[in-house]
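Values below: all heavy atoms of this structure, side chains included; hydrogens, waters and symmetry mates excluded.
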Amino acid sequence: MIKKMSLNLYAATILLSALIINTQTVVAQSTFATSLKEVFKNDFLIGTAINTQQIEEKDTASDRLIKQQFNAVTPENIMKAEIIQPGWDKYNFDLADKLVAYAKKNNLKVNAHNLIWHSQLPSFMRHMQDADSVRKYFVNHINTVAAHYDGKVYSWDVVNEALNEDGTLRKSIFLQKLGDDYVVEAFRLAQKASPHSKLYYNDYNIEQPQKRAGAIALIKKIKAAGVRIDGVGIQGHWRYDKVPMKDIEESIKEFSTLGIEVMFTELDLSVLPNPWDNATADVSATAAGNAKMNPYANGLPDSVAQMQAKAYADLFQLFLKYKKSVSRVTFWGVNDGQSWLNGWPIRGRTNYPLLFDRNFQPKPAFYRVIATAKSVSK
Ligand code: G3I
């Protein structure tokens with residue numbers, strides 16, 4: 001009798017735990033099945049930066065998340081000049097063509113990044129002295145690359161990071177050799193070479209008043225020249241505990257009065273200290289191995305994850321408040337493991353700036369962002 005009862009009890013426990021596991025899995029999957037692109041489908045595009053592995057579908061875990069959560073992608077590196085034009089007359093469209101095919105297959109809008117930028121320039125032109133040669137490179141690069149992807153990509157970051165923190169033009173090879181009007185010229189060439197793609201100006205810290213004023217002057221100059229510009233991208237590389245909410249709100253308001261889209265194009269909220277945070281110039285303090293600069297190598301404390309989640313929720317609340325002006329929010333990477341912030345500004349650190357962890361599982365920030373959408377839609 002006892003034996004029969006304990007067998008039943010045993011069977012019941014197995015059944016119960018199976019039920020619990022099953023429920024948990026269903027709950028997790030169902031909750032996890034909730035997707036960013038779904039909950040924000042009537043508000044703005046939700047994108048992610050993707051790398052070569054992901055474009056070539058060699059990263060299945062990323063692939064699942066990209067298809068499930070996002071409806072827009074930005075190539076993290078493969079459409080930059082040093083990769084897409086390795087030689088004077090040599091263009092390498094292989095990876096970017098794969099990106100376009102991958103995006104088409106998965107109904108993802110491509111924001112091509114970028115045509116003109118002072119960084120990651122091809123080695124043959126990085127130190128060019130002759131202005132005519134720089135102009136020839138400038139014209140050929142835009143005409144050839146933008147024409148090749150006309151209508152195949154949804155949009156272009158035509159010019160990236162042309163401003164200094166005080167709003168003046170950065171002293172790049174383009175400013176030095178082509179003069180103040182090079183940004184207007186870049187958009188004029190892009191508009192002609194790519195009439196079927198949207199054209200954007202993209203930069204970091206342009207939510208900050210001085211740099212914002214510089215960006216507004218630049219956008220007005222392009223428009224005054226009768227040249228098309230469709231939007232401005234605020235990159236959004238912030239620290240979770242220092243998100244400039246007031247400046248961001250002010251910048252959405254000011255940029256949208258120019259009749260252009262406002263986007264957050266490279267969003268990530270770092271949880272690590274930066275060398276410039278502490279007054280000391282003691283470089284050893286910034287050594288990768290220094291625990292103070294790499295405090296979460298063994299995991300992110302839940303308290304920090306919760307504060308980051310709140311910061312993300314506050315941001316999305318603001319984006320929803322201005323959803324008539326905000327057309328896209330793109331995260332700079334699919335998950336924490338992919339982030340450039342593990343190697344910058346100090347190599348070999350462990351950062352947690354995004355919504356999905358290194359196991360591609362949603363973090364508290366994911367649920368807070370989803371909840372934000374749900375609270376607003378009520
Ligand atoms: O591809 C080479 C590889 O062959 C080599 O073995 C390896 C060793 O160093 O380097 C690889 O190139 C790296 C490239 O990323 C691809 O992974 C470069 O060193 C590295 O500098 C480059 O970093 C990129 C960075 O832009 C370059 O400025 C980051 O991945 C990318 O996230 C970052 O993105 C920029 C945006 O384009 C513009 N806004 C700021 C943002 C963050 O810096």
Side-chain angles (χ1 to χ4, degrees), residues 47-49 74 76 160-161 163-166 202-212 215 233-252 262-283 285-319 326 329-358 362-369 372:
T48 181
T74 299
E76 187 174 7
N160 190 46
E161 302 176 9
L163 297 169
N164 296 315
E165 296 310 293
D166 65 1
N202 193 56
D203 208 333
Y204 59 87
N205 289 355
I206 49 174
E207 75 281 351
Q208 300 298 321
Q210 266 196 311
K211 199 168 183 179
R212 184 197 315 152
I234 301 168
Q235 291 180 5
H237 297 293
W238 296 305
R239 261 179 51 114
Y240 79 102
D241 57 352
K242 286 199 176 122
V243 181
M245 294 300 288
K246 282 203 178 50
D247 290 325
I248 296 169
E249 181 158 15
E250 208 41 50
S251 59
I252 296 172
V262 181
M263 293 157 288
F264 293 85
T265 55
E266 304 182 13
L267 186 57
D268 48 28
L269 298 184
S270 174
V271 297
L272 297 183
N274 290 319
W276 49 81
D277 285 358
N278 57 33
T280 167
D282 168 2
V283 284
T286 64
N290 176 298
K292 217 164 96 257
M293 298 310 289
N294 194 22
Y296 310 131
N298 305 319
L300 183 64
D302 187 58
S303 57
V304 178
Q306 295 302 338
M307 286 190 274
Q308 181 192 49
K310 169 127 185 8
Y312 266 120
D314 292 347
L315 270 173
F316 273 80
Q317 201 107 34
L318 188 63
F319 300 155
V326 176
V329 179
T330 290
F331 295 90
W332 205 237
V334 174
N335 76 327
D336 290 342
Q338 173 191 349
S339 175
W340 68 293
L341 290 168
N342 293 310
W344 190 92
I346 300 173
R347 285 182 182 285
R349 298 202 294 177
T350 309
N351 209 328
Y352 305 79
L354 298 163
L355 299 193
F356 298 95
D357 67 20
R358 285 171 169 76
K363 294 160 62 182
F366 170 82
Y367 294 112
R368 286 293 302 269
V369 166
T372 308

Qualifying residue for side chain to side chain contact (heavy atoms under 4.5 Å, CB included) with Phe319, from Asp314, Val262, Leu267
Leu267

Considering all heavy atoms, the nearest Asn294-Gly348 contact
ND2-O, 3.8 Å

Over all atoms of both residues, closest heavy-atom pair of Tyr367 and Pro362:
OH-CG, 3.1 Å

Shortest non-hydrogen separation from Lys363 to Pro353 and the atoms involved
NZ-N, 4.3 Å

Minimum-distance pair of heavy atoms, taken over all atoms of Leu269 and Ala311:
CD1-CB, 3.8 Å

Within a strict 4.5 Å, meaning less than it, do heavy atoms of the Val271 and Met307 side chains meet?
no

With the side chain counted from C-beta on, respond yes when Gln208 and Pro244 share a heavy-atom pair under 4.5 Å apart, and no when they do not.
yes

Could you tell me the separation between the CD atom of Gln338 and the CG atom of Asp268, rounded to the nearest 0.5 Å?
10.5 Å

What I'd like to find out is whether the side chain of Glu207 reaches to under 4.5 Å of the side chain of Trp238, using heavy atoms alone.
yes

Non-hydrogen side-chain atoms of Asn351 and Ser339 separated by less than 4.5 Å
no

Mind running side chain to side chain contact (heavy atoms under 4.5 Å, CB included) on Val243 and Tyr312 for me, showing each step along the way?
CA-CA 9 Å; Val243 181; Tyr312 266 120; over 6 Å; no

Full working for side chain to side chain contact (heavy atoms under 4.5 Å, CB included) between Asn274 and Lys242
CA-CA 12 Å; Asn274 290 319; Lys242 286 199 176 122; over 6 Å; no

How long is the gap from CZ on Phe366 to CG on Leu355, to the nearest 0.5 Å?
7.5 Å

NZ (Lys211) and CG (Asp166) are apart, to the nearest 0.5 Å, by 9.5 Å

Sequence neighbours left out, what passes ring-ring contact (aromatic ring centres under 6.0 Å, His included) with Tyr352? Give chain and number order.
none

Ring geometry between His237 and Trp340 (parallel below 30°, tilted from 30 to 60°, perpendicular above 60°)
perpendicular

What one should report as the nearest heavy-atom pair of Leu341 and Ser270 is CD1-CB, 4.1 Å

When every non-hydrogen atom of Ala49 is compared with those of Glu76, the smallest separation belongs to CB-CB, 4.2 Å

Got Ser251 and Ile206 here, is their nearest side-chain heavy-atom distance under 4.5 Å?
no

Evaluate the side-chain proximity of Glu165 to Asn205: yes if any heavy-atom separation is below 4.5 Å, no if none is.
yes

Hey, is the main chain of Met293 close enough, under 3.5 Å, to the side chain of Arg349 for a donor-acceptor pair?
yes

I'd like to know if the side chain of Asp247 and the backbone of Pro209 have a donor-acceptor N/O pair within less than 3.5 Å.
no

Could you name each residue pair satisfying salt bridge (charged side-chain N to carboxylate O under 4.0 Å, His left out) that touches residues 299-308, not counting sequence neighbours?
none

Candidate pair Phe264 and Leu315, rule side chain to side chain contact (heavy atoms under 4.5 Å, CB included), full reasoning
CA-CA 10 Å; Phe264 293 85; Leu315 270 173; 5.9 Å; no

With a 4.5 Å heavy-atom cut-off, do Thr48 and Leu354 have their side chains touching?
no

Does a side chain donor of either Asn202 or Thr265 reach within less than 3.5 Å of an acceptor in the other side chain?
yes

So do Pro273 and Pro295 actually touch side chain to side chain, heavy atoms under 4.5 Å?
yes

Arg239 side, atom CZ; Leu272 side, atom CG - distance, nearest 0.5 Å
8.0 Å

What's the separation between atom CG in Leu318 and atom CD1 in Ile248, rounded to the nearest 0.5 Å?
6.5 Å

Rounded distance [0.5 Å steps], CG in Asp357 versus CG in Leu300:
10.0 Å

